[in-house]
Amino acid sequence: MKIALFITCLADTVYPSVGRATVAVLERLGHEVVFPAGQTCCGQMHVNTGYQRQAVPLIRQHVEVFEPYDLIVAPSGSCVGSVRHQHGQVARRAGDEGLATAAETVAARTYELSELLVDVLGVDDVGAVFPHRVTYHPTCHSLRLLRVGDKPLRLLRNVAGIDLVELPEADQCCGFGGTFALKNAETSAAMLADKMSNVLATGASVCTAGDASCLMHIGGGLSRLATSTRAVHLAEILASTDGTVEVRS
Amino acid sequence: MTTFLGLPGGLPHADRHTGQVEGSLRFPDAARTALADGQLRTNIGAATRTIRTKRAAVVAEVPDWEELREAGRAIKTDTMARLPELLLQLEENVTARGGVVHWARDATQANAIVAGLVRAVGATEVVKVKSMVTQEIGLNEALAERGITAWETDLAELIVQLGHDKPSHILVPAIHRNRAQIREIFLREMPGVDSGLTDEPRDLAMAARRYLRAKFLTAQVAVSGANFAVADTGTLTVVESEGNGRMCLTLPQTLITVMGIEKVVPTFSDLEVFLQLLPRSSTGERMNPYTSMWTGVTPGDGPQDVHLVLLDNGRTATLADQVGRAALHCIRCSACLNVCPVYERTGGHAYGSVYPGPIGAVLSPQLTGITGGDDPNDSLPYASSLCGACFDACPVKIDIPNLLVNLRAQHTEAHADTHRIPSAEQIAMAATAWAMSSPSRWARAQATTRAGRLLGRRRQVIRALPAPLSAWTAARDLPRPPTETFRQWWAARDAGEHR
Ligand code: SF4
């Protein structure tokens with residue numbers, strides 16, 4: 001199938017390895033991945049910080065770029081959540097009914113990676129190899145906005161060699177929340193501290209999730225604690241066939 | 001009242017300085033104190049975790065829980081759509097059954113009405129059933145100014161009152177206190193208490209009981225709130241656990257109920273839905289121990305002088321907002337507080353208002369009105385990571401994250417409207433939106449982040465950044481930006497350079 005990749009601004013700029021991994025998994029399964037070059041950002045940060053009017057041009061840009069495609073994937077639960085649950089509403093609040101309708105059409109064709117693999121492509125074994133102890137953090141927007149349920153876990157369970165361990169209090173937020181981490185930094189850090197002690201209690205060497213933003217938060221905390229536990233995106237584990245992931249440099 | 005709807009900017013909000021609808025500090029500043037208090041975090045963490053587990057268990061055993069939630073949401077939506085008509089119907093039915101209905105635009109009016117009624121019977125003391133709305137309007141203080149003493153009879157409220165403290169949870173107002181602290185408060189403040197009092201729960205409860213019984217038997221006037229008021233019968237309902245409310249509602253001659261106008265429900269059979277949703281969501285019980293219902297006056301039985309004060313205090317203004325009005329659907333079960341990771345760490349006091357947690361963050365700013373300024377209530381919609389746990393838990397399906405996001409937009413737009421010079425944040429948001437609405441500008445903007453590679457060159461991560469990003473690097477590293485963005489890599493791959 002022909003699948004358009006919505007990379008998300010964060011993965012594009014800071015975590016290109018997540019995008020490369022997404023491409024690798026889909027191509028390995030025999031699908032054609034295209035990257036519509038006009039894409040920029042879904043506008044979630046603007047909307048969630050209170051700048052809905054400023055987000056409208058971003059939504060328009062996103063909709064125009066992705067409208068020609070029948071199937072769109074993003075390696076991010078929260079960006080797909082924004083596309084599905086915010087784009088139409090924000091456009092409507094700005095009085096642009098045409099954009100709202102177009103946005104809803106694009107949203108209906110947009111999937112988070114685990115949704116695309118399991119629901120659309122009908123795959124739960126992508127042929128990955130990753131012989132490490134891994135714990136999975138479900139991320140709030142995948143869990144509660146998209147309701148991805150156990151799809152990521154089904155994919156992970158089929159990874160060869162993996163030692164998948166349950167994360168205590170997994171459904172608790174890591175404290176990221178976009179600009180929440182800046183505006184209420186102390187509260188956010190208190191939430192992160194509890195998330196990290198739960199991650200470390202599992203003895204996992206890798207904490208994975210379907211969202212680069214939450215991983216930036218958890219990984220940033222783990223790095224500050226100087227632990228050897230790393231934050232690795234779900235796509236990177238699914239792309240791995242030799243037990244390694246790309247080292248960032 | 002319908003004539004008010006839709007008038008631009010004309011609807012009255014709650015007065016920030018009367019009662020307790022706004023604190024004195026913005027949320028991040030108020031939270032700092034709470035976050036530093038280890039005992040507080042332990043007390044609240046332990047209590048919310050216990051209630052959370054209990055709630056999850058009793059909700060799981062109801063096969064049609066989702067249908068019940070949907071029914072609750074539908075009844076509330078319908079109620080808000082025809083609130084004026086339902087309130088008039090309620091007034092008519094309460095009056096027909098011998099009750100007296102009073103209308104209060106705001107806290108000051110409501111307090112004056114209650115004080116006038118207490119004075120009219122010549123009383124100097126009232127007993128109170130736990131009620132949030134009387135805290136919202138600052139009734140106890142207003143009565144005290146007029147020489148009338150109000151005694152809280154709910155055990156937790158009593159602890160708060162004797163401790164000269166403020167409630168920190170909707171349902172468990174003294175959730176921030178543990179047994180040892182409660183014993184100390186009783187020993188210090190409760191007249192005639194046995195000096196050998198232990199911190200055993202039973203001992204503490206018995207001490208409170210002895211103290212309260214004397215109050216119930218002598219009081220001439222009781223003041224209550226109401227969980228529900230049925231429009232088509234005029235029936236008022238109070239739901240509680242201890243039975244102290246029942247004592248207040250039945251023993252004194254005069255009963256004054258103060259109720260927010262949103263508490264009305266259309267028909268008696270609607271209670272079937274809410275009386276299932278409420279106890280399971282709040283205390284995690286299948287049914288609450290005491291449900292008291294009264295309809296006007298029953299001659300020779302219970303209070304013979306029955307009043308209902310209907311309070312607006314910013315509710316009509318809230319109703320005028322098509323999205324925000326969902327905050328008026330709240331049945332004050334407190335489930336959203338107990339699942340909220342922010343509330344769990346900061347406690348209720350950080351929210352300033354009597355309404356804490358996720359519901360407080362969307363209700364309080366609407367009652368007082370969003371100004372776009374530095375008012376503490378304008379900071380509340382930002383006191384959330386938008387994790388959505390509140391929406392999942394809410395028995396009437398209030399989409400609190402969506403309300404929060406909309407209130408944030410109202411705040412920034414009001415700010416832009418009232419400030420000639422834009423804030424730094426506004427400039428940053430406008431600049432990023434400008435860059436991101438064109439792929440070529442965005443690619444150029446991305447190139448500038450590569451300057452960050454210099455910062456991270458020693459450890460491969462960035463450990464310190466200037467404000468406002470220092471708020472991030474205080475507790476977390478940032479990754480060093482990569483040498484190549486994804487789009488650059490893709491373009492090169494397309495050109496056949498990678499592969
Ligand atoms: S908003 Fe919902 S969950 Fe929160 S107190 Fe109100 S009814 Fe309960």
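Below, chain A is the first sequence line, B the second, and so on; all start at residue 1. From a predicted model like this one, the values you see are computed outputs, not experimental measurements.
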Q) What residue in Arg487(B), Arg408(B), Arg441(B) has the most heavy-atom pairs under 4.5 Å with chain A? A) Arg487(B)
Q: Please indicate whether Glu66(B) has more than 12 foreign heavy atoms, meaning atoms of other residues, nucleotides or ligands, lying under 6.0 Å from its CD.
A: yes
Q: Answer yes if the side chains of Asp194(A) and Gln172(A) hold a donor-acceptor pair under 3.5 Å, and no otherwise.
A: no
Q.
Can you see whether Trp490(B) has Arg493(B) sitting over its ring - NZ or CZ less than 6.0 Å from the centre and within 45° of the normal?
A. yes
Q | Structural part of Gln410(B) lying under 4.5 Å from a heavy atom of chain A | A | both
Q: Check each atom of Cys174(A) against the heavy atoms of chain B and say whether the ones under 4.5 Å are side chain, backbone, both or neither.
A: neither
Q. Between Glu104(A) and Arg92(A), is the closest basic N to carboxylate O distance under 4.0 Å?
A. yes
Q.
Under 4.5 Å from any heavy atom of chain B, what part of Arg93(A) do you find: side chain, backbone, both or neither?
A. side chain
Q) What residue in Pro401(B), Ala389(B), Ala430(B), Ala474(B) has the most heavy-atom pairs under 4.5 Å with chain A? A) Ala389(B)
**Q.** chain A contact via Asn406(B) - side chain, backbone, both or neither, heavy atoms under 4.5 Å
**A.** both
Q. Who wins among Gln52(A), Met191(A), Gln61(A) for the most heavy-atom pairs under 4.5 Å with chain B?
A. Met191(A)
Q.
Under 4.5 Å from any heavy atom of chain B, what part of Ala37(A) do you find: side chain, backbone, both or neither?
A. backbone
(Q) At a 4.5 Å cut-off on heavy atoms, which part of Leu5(A) comes close to chain B: side chain, backbone, both, or neither? (A) side chain
Q) Is there a donor-acceptor pair under 3.5 Å between the side chain of His87(A) and the backbone N or O of Cys42(A)? A) yes
Q: Would you please classify the geometry between the Phe486(B) ring and the Trp489(B) ring as parallel, tilted or perpendicular, with 30° and 60° separating the classes?
A: tilted
(Q) Taking side chain as everything from C-beta outward and backbone as N, CA, C, O, which of these in His141(A) sits under 4.5 Å from a heavy atom of chain B? Side chain, backbone, both or neither. (A) side chain
Q. Quick one: what part of Pro341(B) sits under 4.5 Å from any heavy atom of chain A, side chain, backbone, both or neither?
A. both
(Q) Given heavy-atom pairs under 4.5 angstrom as the criterion, report whether the side chain, backbone, both or neither of His217(A) touches chain B. (A) both
